[in-house]
**Student:** 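This is the structure I want to talk about, given as structure tokens.
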Amino acid sequence: MTVRVRFAPSPTGYMHVGNVRTALFNWLFARGQDGTFILRIEDTDQQRHVEEAVAIITDGLRWIGIDWDEGPEIEGPYGPYFQSERLDLYHEHAEALVASSDAYLCYCEREGVAADSPCRCRNRAQSDDRLEPGLAVRIVNPGGRSEFDDIVGGHLTFDNEQFGDYILVKSDGTPTYNFANVVDDHAMDVTHVIRGDDHVSNTPRQLMLYRALGYAPPRFAHLPQILGPDGARLSKRHGAASLTEYRDQGFLPEALMNYLALLGWAPPGEQEFLPAEELIAHFRLEDVRKSPAQFRLEKLTHLNAMHMQQRSSAERRDIALKCLLKEQILTPDEGEDPRTLCRVEEIIEALGNRFRYGQQIVEFGMHFFTEGVDIPEELASHFADPRVREALKMSAEAFRKADTWTDETIESIVREAAKANDLKAAPLIHALRVALSGMTAGPSLFSLVRLVGQERAHKRIHGALDQFPSAG
RNA sequence: GGCCCCAUGGUCAAGUGGUCAAGACACCAGCCUUUCAAGCUGGAGACCCGGGUUCAAUCCCCGGUGGGGUCACCA
């Protein structure tokens with residue numbers, strides 16, 4: 001039997017990275033087994049069909065590089081892939097269950113069931129095999145125990161009693177998660193249910209249903225949770241729990257995929273930098289850890305930097321460009337201008353491996369796009385030495401008059417200016433860096449000068465000299 | 001609280017009834033360099049606690065503690 005797995009998100013309007021990780025593990029498993037990866041939208045509770053919320057899911061998956069074999073947009077032999085379009089199926093199953101006395105209509109007050117005493121109103125049930133609008137349908141809890149072998153969690157057993165006669169169909173006629181899930185997973189021939197471990201206690205409930213329906217249950221694999229840096233379950237509260245935020249910050253999809261794969265799973269060997277193909281080749285569900293893992297931005301950033309170096313300079317330029325446009329540092333028109341593209345590419349090149357993710361073009365390169373530059377007061381000491389000041393002035397003039405403008409000519413100008421003032425190159429270089437960029441760290445000084453440009457370099461040097469008049 | 005699960009450095013994470021208990025990120029130091037990164041070299045840092053089983057437990061068993069999940073007509 002060929003492997004069929006599904007990722008079944010509900011369209012909430014955003015993609016939590018924990019869900020992305022779940023999708024990823026499903027996908028890695030399916031691809032590694034030559035199986036089928038299904039995308040199914042669980043929108044039974046949705047008042048309206050939220051087109052946009054579905055797009056957030058499909059766009060997100062596509063962006064990170066997860067493709068689906070069946071589901072929205074491409075459809076497939078087991079459709080439709082929206083639960084809201086499968087209501088008849090659930091209705092049929094509910095009727096069959098009622099007819100076979102495995103479920104019954106509930107006449108209780110809607111909120112009348114205390115949490116600590118599972119509802120048992122079946123004595124009031126009627127042996128009616130028709131569903132009635134306005135009445136919920138409950139399962140007849142068979143009691144006993146449910147047990148199963150979870151691929152990651154091992155052998156698990158539960159006392160069924162604790163789940164009561166839980167609801168299968170709400171009084172508005174829509175199915176609950178546990179019901180729709182079982183019906184669909186069976187109808188879609190799903191062989192492995194891989195989901196977050198917040199679903200473990202739903203599994204025994206679903207097992208009762210499989211039994212009542214006479215269906216063979218799939219294998220289950222419950223993935224451990226992803227925690228935030230503070231050890232609590234990753235949530236919006238942690239700032240960046242949404243896929244879109246990473247994309248907007250200029251992180252690379254392959255890096256995020258790589259990192260997410262490392263949360264709860266480790267490849268054999270010592271290499272952690274892995275492209276999708278490698279991930280697929282090595283991934284095994286039985287190697288997934290049971291304990292939750294903390295999401296750490298530093299490691300994602302590190303992996304991102306490594307993946308970034310695999311990208312061409314044009315690609316890196318485009319990533320930077322996107323952030324510059326988003327921050328409105330460049331106008332859309334400028335973003336189209338070939339000269340701008342060329343310039344951004346040069347800046348990225350000068351930044352080298354300092355450019356670890358998109359947004360860093362703003363952190364490190366903002367000043368390349370402004371006329372002037374702000375220099376923090378605490379950097380005044382760089383301009384205290386009169387010899388440095390003199391060398392700065394000489395450099396400024398030479399920069400303005402230079403006939404050729406390359407790193408080499410700039411370097412010789414700087415070194416000569418230092419020498420002429422009986423200085424080592426270092427203090428002049430530091431002062432120049434501060435004067436031109438307002439920062440003490442950055443790319444090669446000579447590239448920095450080149451990219452700032454002849455006129456602007458001259459102007460900024462004098463600006464700095466004016467801002468920090470000699471002490472006397 | 002009931003039920004379920006988890007527990008190796010700060011974090012991710014290998015691993016074994018007998019090993020100096022891998023590796024990665026982060027951290028510290030040195031080298032390199034015009035700075036910061038990167039790179040190279042070196043360093044610090046861990047088997048939650050208590051009982052058992054055993055010649056021997058990080059590893060097996062029990063208990064405790066701590067953490068997480070779940071107890072809906074949400075998914």
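The figures here come from the full heavy-atom set of this structure, side chains too, leaving out hydrogens, waters and symmetry mates. Not measured: the values here are computed from a predicted model. Within every chain, numbering begins at 1; the chains are lettered A, B, ... in the order of the sequence lines, protein sequences first and strands thereafter.
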**Student:** I'd like the P distance from B/rG66 over to B/rA29, given in whole Å.
**Tutor:**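 Taking atom P in both B/rA29 and B/rG66, they lie 38 Å apart.
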
**Student:** Checking only heavy atoms, does the side chain of A/Asn178 share a donor-acceptor pair with the base of B/rA75 at less than 3.5 Å?
**Tutor:**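 A donor-acceptor contact between them is absent.
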
**Student:** How close or far is atom P of B/rA13 from atom CZ of A/Phe295, stated in whole angstroms?
**Tutor:**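 Interatomic distance, CZ of A/Phe295 to P of B/rA13: 13 Å.
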
**Student:** Could you tell me the separation between the CG atom of A/Leu168 and the P atom of B/rA72, rounded to a whole number of Å?
**Tutor:** 16 Å

**Student:** Is the distance from the ring center of A/Phe220 to that of A/Phe148 below 6.0 Å?
**Tutor:**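 Centroid separation for A/Phe220 and A/Phe148: below 6.0 Å.
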
**Student:** Look through every strand shown and name the nucleotide pairing with B/rC27 as Watson-Crick or G-U wobble, where both distances are under 3.5 Å.
**Tutor:** B/rG43

**Student:** In whole angstrom, give the distance that lies between atom CG of A/Asp230 and atom P of B/rG10.
**Tutor:** 17 Å

**Student:** Would you mind pulling out the nucleotide paired to B/rU65, Watson-Crick or G-U wobble, both distances under 3.5 Å?
**Tutor:**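 When the pairing criteria are applied, B/rA7 turns out to be the nucleotide that pairs with B/rU65.
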
**Student:** Between A/Asn258 and A/Glu272, which heavy-atom pair has the shortest distance, and what is it?
**Tutor:**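 Between these two residues, the closest heavy atoms are ND2-O, 3.0 Å.
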
**Student:** For A/Asn353, which contact category applies under a 4.0 Å heavy-atom criterion: base, sugar-phosphate, or nothing?
**Tutor:** base

**Student:** Hey, which sits more toward the 5' end of RNA chain B by its nearest nucleotide, A/Gly442 or A/Pro292?
**Tutor:**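 Upstream on the strand: A/Pro292.
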
**Student:** In whole angstrom, give me the gap between the P atoms of B/rG39 and B/rA24.
**Tutor:**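 Going atom to atom, P in each nucleotide, I get 11 Å.
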
**Student:** For B/rA13 and B/rA21, measure between their C1' atoms and round to the nearest Å.
**Tutor:** 13 Å

**Student:** Considering only B/rU35, B/rA7, B/rA24, which nucleotide approaches the side chain of A/His430 most closely?
**Tutor:** B/rU35

**Student:** Between B/rC25, B/rG23, B/rC36, which nucleotide gets closest to the side-chain atoms of A/His302?
**Tutor:** B/rC25

**Student:** Closest to the A/Ala266 side chain: B/rA75, B/rA14, B/rU34?
**Tutor:**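 Selected nucleotide (nearest to the side chain): B/rA14.
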
**Student:** Taking atom C1' in both B/rG45 and B/rG67, compute the distance separating them and give it to the nearest angstrom.
**Tutor:**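 Looking at atom C1' only, B/rG45 and B/rG67 are 22 Å apart.
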
**Student:** So, is A/Arg233 close to the B/rG69 phosphate, meaning a side-chain N or O under 4.0 Å from OP1 or OP2?
**Tutor:**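 Yes.
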
**Student:** Check whether any side-chain N or O of A/Ser444 sits under 4.0 Å from OP1 or OP2 of B/rU35, and answer yes or no.
**Tutor:** no

**Student:** Using purine N1 to pyrimidine N3 plus N6-O4 or O6-N4 for Watson-Crick, or N1-O2 and O6-N3 for G-U wobble, both under 3.5 Å, which nucleotide pairs with B/rU16?
**Tutor:**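 Partner of B/rU16: none found under 3.5 Å.
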
**Student:** Under 4.0 Å, heavy atoms only, any strand: does A/Glu272 hit a base, just the sugar-phosphate, or nothing?
**Tutor:** base

**Student:** Among the nucleotides B/rA7, B/rC25, B/rA75, which one has an atom lying closest to any side-chain atom of A/Ser291?
**Tutor:**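 Out of B/rA7, B/rC25, B/rA75, the nucleotide with an atom closest to A/Ser291's side chain is B/rA7.
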
**Student:** Between atom CG in A/Leu379 and atom C1' in B/rU35, what is the gap in whole Å?
**Tutor:** 12 Å

**Student:** Please determine, for the side chain of A/Leu156, which listed nucleotide (B/rC4, B/rA22, B/rA24) has the closest atom?
**Tutor:**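 Closest of the options to the side chain of A/Leu156: B/rC4.
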
**Student:** Run the ring-centre check on A/Phe37 versus A/Phe29 and record whether the distance is less than 6.0 Å.
**Tutor:**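 Centroid separation for A/Phe37 and A/Phe29: 6.0 Å or greater.
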
**Student:** Where does the angle between the aromatic ring planes of A/His307 and A/Phe273 fall among parallel (under 30°), tilted (30 to 60°) and perpendicular (over 60°)?
**Tutor:**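 Tilted, since the angle between the ring planes falls between 30° and 60°.
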
**Student:** CG of A/Leu445 versus P of B/rU33: gap in Å, rounded?
**Tutor:**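 My rounded result for the distance is 16 Å.
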
**Student:** Using the C1' atom as the reference point in each nucleotide, state the distance between B/rG15 and B/rC59 in Å, no decimals.
**Tutor:** 9 Å

**Student:** So what does A/Asn181 hit on the nucleic acid, given a heavy-atom distance under 4.0 Å: a base, only sugar-phosphate, or nothing?
**Tutor:**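 Result for A/Asn181 = nothing.
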
**Student:** When you get a sec, tell me which of B/rC3, B/rU70, B/rA24 is the closest nucleotide to the side chain of A/Gln162?
**Tutor:**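 Among the listed nucleotides, the one closest to the side chain of A/Gln162 is B/rC3.
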
**Student:** Hey, is the side chain of A/Gln271 pairing donor to acceptor with the base of B/rG23 inside 3.5 Å?
**Tutor:**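 Absent.
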
**Student:** Strictly below 4.0 Å: does A/Lys290 bring a side-chain N or O up to OP1 or OP2 of B/rG67?
**Tutor:** no

**Student:** Would you indicate whether the side-chain heavy atoms of A/Trp68 and A/Phe7 approach each other to under 4.5 Å?
**Tutor:**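 A side-chain contact under 4.5 Å is absent here.
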
**Student:** Going by purine N1 to pyrimidine N3 plus the second Watson-Crick contact, or the G-U wobble pair, all under 3.5 Å, which nucleotide sits opposite B/rA22?
**Tutor:** none

**Student:** Over 60° means perpendicular and under 30° means parallel, so tell me whether A/Phe468 and A/Phe383 are parallel, tilted or perpendicular.
**Tutor:** parallel

**Student:** Nearest whole Å is fine: how far is B/rG69 P from A/Phe158 CZ?
**Tutor:**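 For the pair A/Phe158 CZ and B/rG69 P, the rounded distance is 16 Å.
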
**Student:** Measuring only the P atom in each nucleotide, how far is B/rC32 from B/rU41? A whole number of Å is fine.
**Tutor:** 16 Å

**Student:** Side-chain N or O of A/Arg289 less than 4.0 angstrom from OP1 or OP2 on B/rA13?
**Tutor:**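 So the side chain of A/Arg289 is within the cut-off, an N or O lying under 4.0 Å from OP1 or OP2 of B/rA13.
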
**Student:** Is there a side-chain contact between A/Arg296 and the phosphate of B/rG10, meaning an N or O under 4.0 Å from OP1 or OP2?
**Tutor:** no

**Student:** Which one, B/rC12, B/rC25, B/rC36, comes nearest to the side chain of A/Leu263?
**Tutor:**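 The closest nucleotide is B/rC12.
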
**Student:** Is B/rC60 paired to anything, Watson-Crick or G-U wobble with both distances less than 3.5 Å, and if yes, which nucleotide?
**Tutor:** B/rG52

**Student:** Mind checking if A/Gly264 touches a base, just sugar-phosphate, or nothing, with heavy atoms under 4.0 Å?
**Tutor:**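 Touches sugar-phosphate only.
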
**Student:** Mind checking the P distance from B/rC61 to B/rC25? Whole angstroms is fine.
**Tutor:**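 These two P atoms come out 34 Å apart once rounded.
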
**Student:** Side chain of A/Ser171 only, heavy atoms from C-beta on: which candidate in B/rU35, B/rU34, B/rC73 is closest?
**Tutor:** B/rC73

**Student:** What nucleic acid atoms does A/Pro204 come within less than 4.0 Å of, heavy atoms only: base, sugar-phosphate, or nothing?
**Tutor:**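 No contact.
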
**Student:** Measure distances between side-chain N and O atoms of A/Ser201 and base N and O atoms of B/rC4, and say whether any donor-acceptor pair falls under 3.5 Å.
**Tutor:**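 No, the side chain and the base share no sub-3.5 Å donor-acceptor pair.
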
**Student:** From the options B/rC73, B/rG23, B/rU34, select the nucleotide whose nearest atom is closest to the side chain of A/Arg138.
**Tutor:** B/rC73

**Student:** Look through every strand shown and name the nucleotide pairing with B/rG1 as Watson-Crick or G-U wobble, where both distances are under 3.5 Å.
**Tutor:**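 Paired with B/rC71.
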
**Student:** Between A/Glu42 and A/Arg40, is there a salt bridge with N-O shorter than 4.0 Å?
**Tutor:**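 Here A/Arg40 pairs with A/Glu42 in a salt bridge, since their nearest N and O are under 4.0 Å apart.
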
**Student:** Less than 4.0 Å between a side-chain N and a carboxylate O, is that true for A/Asp385 and A/Arg387?
**Tutor:**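 Salt bridge: yes.
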
**Student:** Mapping A/His199 and A/Ala425 onto RNA chain B by nearest heavy atom, which one lands closer to the 5' end?
**Tutor:**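 Closer to the 5' end of RNA chain B: A/Ala425.
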
**Student:** Counting only side-chain heavy atoms from C-beta out, which of B/rA26, B/rC73, B/rC12 sits nearest to A/Gln294?
**Tutor:** B/rC12

**Student:** Can you confirm whether or not the ring centre of A/Phe25 sits under 6.0 Å from the ring centre of A/His192?
**Tutor:** no

**Student:** Please report the distance separating the P of B/rA14 from the corresponding atom of B/rU8, rounded so that it comes out in whole Å.
**Tutor:**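 Between the two P atoms, the distance is 11 Å.
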
**Student:** Any side-chain heavy atom of A/Ser242 within less than 4.5 Å of one from A/Met15?
**Tutor:**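 A side-chain contact under 4.5 Å is absent here.
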
**Student:** Please tell me if A/Lys170 has a side-chain N or O lying less than 4.0 Å from either OP1 or OP2 of B/rC74.
**Tutor:** yes

**Student:** Can you tell me how far C1' of B/rC71 sits from CG of A/Asp165, to the nearest Å?
**Tutor:**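 Roughly 16 Å, once rounded to whole Å.
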
**Student:** In whole angstrom, give the distance that lies between atom CZ of A/Arg205 and atom P of B/rC73.
**Tutor:**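 Between P of B/rC73 and CZ of A/Arg205: 10 Å.
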
